[in-house]
Amino acid sequence: MGIAPLLSEGARSLVEAQIKANIGTALADVRSAWPGALVSTELPQSYFIYEGAHTYRCPAIFMVVQDMDTNEDAMNPNHINGLIRMVVSVVIEDREAKLLTIKAERYQAALFQVLHRVQMVDSVKNLKIYSRVKRLEFSPVFMRKGREGEGMFRKEAALELELKHWENPTSY
């Protein structure tokens with residue numbers, strides 16, 4: 001029996017592993033680029049693969065696949081050569097809107113370092129992707145009430161990725 005195509009789930013799994021393995025170093029690099037402890041940049045506390053999670057601890061990372069183009073042509077290749085659009089974002093909180101904005105910029109810079117022009121490979125599953133950050137976006141600042149009634153500001157920093165996807169499942 002062969003291996004089934006991995007498609008977007010395989011690509012998303014590689015992106016998640018890339019973030020988890022490298023985000024700590026990238027956040028440290030960003031902190032060293034901006035001396036002084038103006039804002040904290042702790043490791044992500046939550047990871048999600050879908051939109052709309054309501055209860056989570058910040059910073060939270062979201063990795064949502066938008067679509068995939070398989071780029072098949074008339075030659076019917078024995079491999080998958082596709083292009084995936086994925087949004088990776090981080091949602092962060094702070095008690096001050098100014099500090100939150102700086103924190104969002106720093107997390108976005110760290111994610112950019114981890115995901116821009118990076119090749120990720122799973123040789124066991126015959127899967128390779130090449131990630132390029134295509135667009136950066138920020139949400140507006142939102143106010144969230146805490147358990148004790150105090151206000152926290154929340155903001156999202158997003159990166160739109162273009163993932164060049166190659167895989168060769170043996171049964172394809």
Side-chain angles (χ1 to χ4, degrees), residues 6 8-67 84-122 125 127-165:
L6 301 173
S8 62
E9 183 178 6
R12 184 184 25 77
S13 294
L14 284 175
V15 168
E16 183 173 358
Q18 173 75 6
I19 293 169
K20 286 180 176 179
N22 297 292
I23 193 67
T25 301
L27 288 168
D29 291 347
V30 169
R31 280 191 302 272
S32 68
W34 297 98
L38 185 60
V39 297
S40 64
T41 52
E42 58 274 6
L43 290 175
Q45 301 296 305
S46 309
Y47 287 84
F48 297 94
I49 61 172
Y50 59 92
E51 304 153 320
H54 295 289
T55 306
Y56 51 87
R57 293 179 53 210
C58 290
I61 301 285
F62 289 81
M63 301 155 292
V64 180
V65 174
Q66 302 294 305
D67 59 43
I84 296 173
R85 278 187 327 121
M86 175 187 284
V87 174
V88 173
S89 65
V90 59
V91 177
I92 39 121
E93 291 180 332
D94 203 290
R95 294 190 187 285
E96 293 184 41
K98 177 183 175 183
L99 297 179
L100 177 70
T101 300
I102 293 167
K103 189 184 269 193
E105 292 168 339
R106 292 185 184 181
Y107 275 94
Q108 191 178 67
L111 284 169
F112 184 87
Q113 179 179 326
V114 169
L115 297 170
H116 187 55
R117 295 185 178 174
V118 175
Q119 180 174 288
M120 296 164 250
V121 177
D122 184 334
K125 295 179 179 174
L127 172 63
K128 176 172 71 171
I129 62 173
Y130 178 79
S131 174
R132 179 177 78 89
V133 176
K134 193 169 179 182
R135 180 173 290 106
L136 305 167
E137 295 183 53
F138 292 99
S139 74
V141 174
F142 295 99
M143 177 65 110
R144 187 180 76 81
K145 293 278 186 191
R147 285 183 217 124
E148 289 82 38
E150 79 277 358
M152 287 290 278
F153 292 104
R154 183 175 272 188
K155 188 172 183 75
E156 182 174 18
L159 297 85
E160 182 183 322
L161 305 181
E162 181 179 81
L163 304 173
K164 292 180 181 176
H165 176 106

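Worth knowing before you read on, the calculation uses all heavy atoms, side chains too, and leaves out hydrogens, waters and symmetry mates. Nothing here was measured: the structure is a model prediction, and the numbers come from that model.
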Legend entry - Heavy-atom pair of closest approach, residues Ala158 and Gln108: O-NE2, 3.1 Å
Legend entry - Pro59: side-chain contact (heavy atoms from CB on, under 4.5 Å) partners, not counting sequence neighbours: Glu42, Gln45, Val90, Ile92, Tyr107
Legend entry - Inter-residue atom distance Ser13.OG - Met63.CE, 0.5 Å rounding: 8.5 Å
Inset, instruction - Decide yes or no for Val114 and Val118: does some side-chain heavy atom of the first lie under 4.5 Å from some side-chain heavy atom of the second? - result: no
Side-chain donor-acceptor pairs under 3.5 Å in residues 135-142, sequence neighbours left out?
| from | atom 1 | to | atom 2 | distance (Å) |
| --- | --- | --- | --- | --- |
| Arg135 | NH1 | Glu160 | OE1 | 2.8 |
| Ser139 | OG | Glu156 | N | 2.9 |

Inset, instruction - Heavy atoms only: give me the nearest Leu163-Ala11 pair and the separation to one decimal. - result: CD1-CB, 4.2 Å
Legend entry - For Thr41, side-chain hydrogen bond (donor to acceptor under 3.5 Å, both in side chains) partners two or more places apart: Arg31
Legend entry - All side-chain contact (heavy atoms from CB on, under 4.5 Å) counterparts of Arg154, not counting sequence neighbours: Tyr56, Cys58, Val91, Glu93, Arg144
Legend entry - Ile129 vs Val15 side-chain heavy atoms within contact, under 4.5 Å: yes
Inset, instruction - Nearest 0.5 Å please: distance from the CZ atom of Arg106 over to the CG atom of Asp29. - result: 13.0 Å
Legend entry - side-chain contact (heavy atoms from CB on, under 4.5 Å) partners of Leu99, counting only residues at least two apart: Leu38, Val39, Asp94, Glu96
Legend entry - Heavy-atom side-chain contact between Ile61 and Leu111 under 4.5 Å: yes
Inset, instruction - Classify the angle between the aromatic ring planes of Phe48 and Tyr50 as parallel (below 30°), tilted (30 to 60°) or perpendicular (above 60°). - result: perpendicular
Legend entry - Leu127 and Val121: CA distance, side-chain angles, deciding distance, side chain to side chain contact (heavy atoms under 4.5 Å, CB included) verdict: CA-CA 6 Å; Leu127 172 63; Val121 177; over 6 Å; no
Legend entry - Any residue meeting salt bridge (Lys or Arg N to Asp or Glu O under 4.0 Å) with Lys134, in chain and number order, not counting sequence neighbours: Glu162
Inset, instruction - Would you check if Met120 and Lys128 make a side-chain contact, meaning some heavy-atom pair closer than 4.5 Å? - result: no
Inset, instruction - Using the test side-chain hydrogen bond (donor to acceptor under 3.5 Å, both in side chains), find all partners of Asp122 that sit at least two apart in sequence or belong to another chain. - result: none
Inset, instruction - Mind checking side-chain contact (heavy atoms from CB on, under 4.5 Å) for Gln66 and listing every partner two or more places apart, or none if nothing turns up? - result: Glu51, Val64, Arg85, Val87
Inset, instruction - Any chance you could measure Arg12, atom CZ, to Leu14, atom CG, to the nearest 0.5 Å? - result: 10.5 Å
Legend entry - Heavy-atom closest contact (Ala157 atom, Ala104 atom, distance): CB-O, 3.7 Å
Inset, instruction - Verify side chain to side chain contact (heavy atoms under 4.5 Å, CB included) between Trp34 and Ile102, making sure each step is shown before the conclusion. - result: CA-CA 10 Å; Trp34 297 98; Ile102 293 167; over 6 Å; no
Inset, instruction - Measure from the side-chain N and O atoms of Thr25 to the backbone N and O of Asn22, and report whether any donor-acceptor pair falls under 3.5 Å. - result: no
Inset, instruction - Quick one: pull up NZ in Lys155 and OG1 in Thr101 and give me the separation to the nearest 0.5 Å. - result: 5.0 Å
Legend entry - Nearest atoms (heavy-atom pairs only) where Ile23 meets Ala110: CD1-CB, 4.0 Å
Inset, instruction - With sequence neighbours excluded, tell me which residues meet ring pair (Phe, Tyr, Trp, His ring centres under 6.0 Å) with Phe153. - result: none
Legend entry - Gap separating the CG atom of Leu159 from the CE atom of Met86, nearest 0.5 angstrom: 12.0 Å
Legend entry - Residues that Tyr130 engages under side-chain hydrogen bond (donor to acceptor under 3.5 Å, both in side chains), provided they are two or more places apart: none
Legend entry - Residues forming a salt bridge (Lys or Arg N to Asp or Glu O under 4.0 Å) with Lys20, sequence neighbours excluded: Glu16
Legend entry - Straight-line distance of Ser131 OG to Gln119 CD, nearest 0.5 Å: 11.0 Å
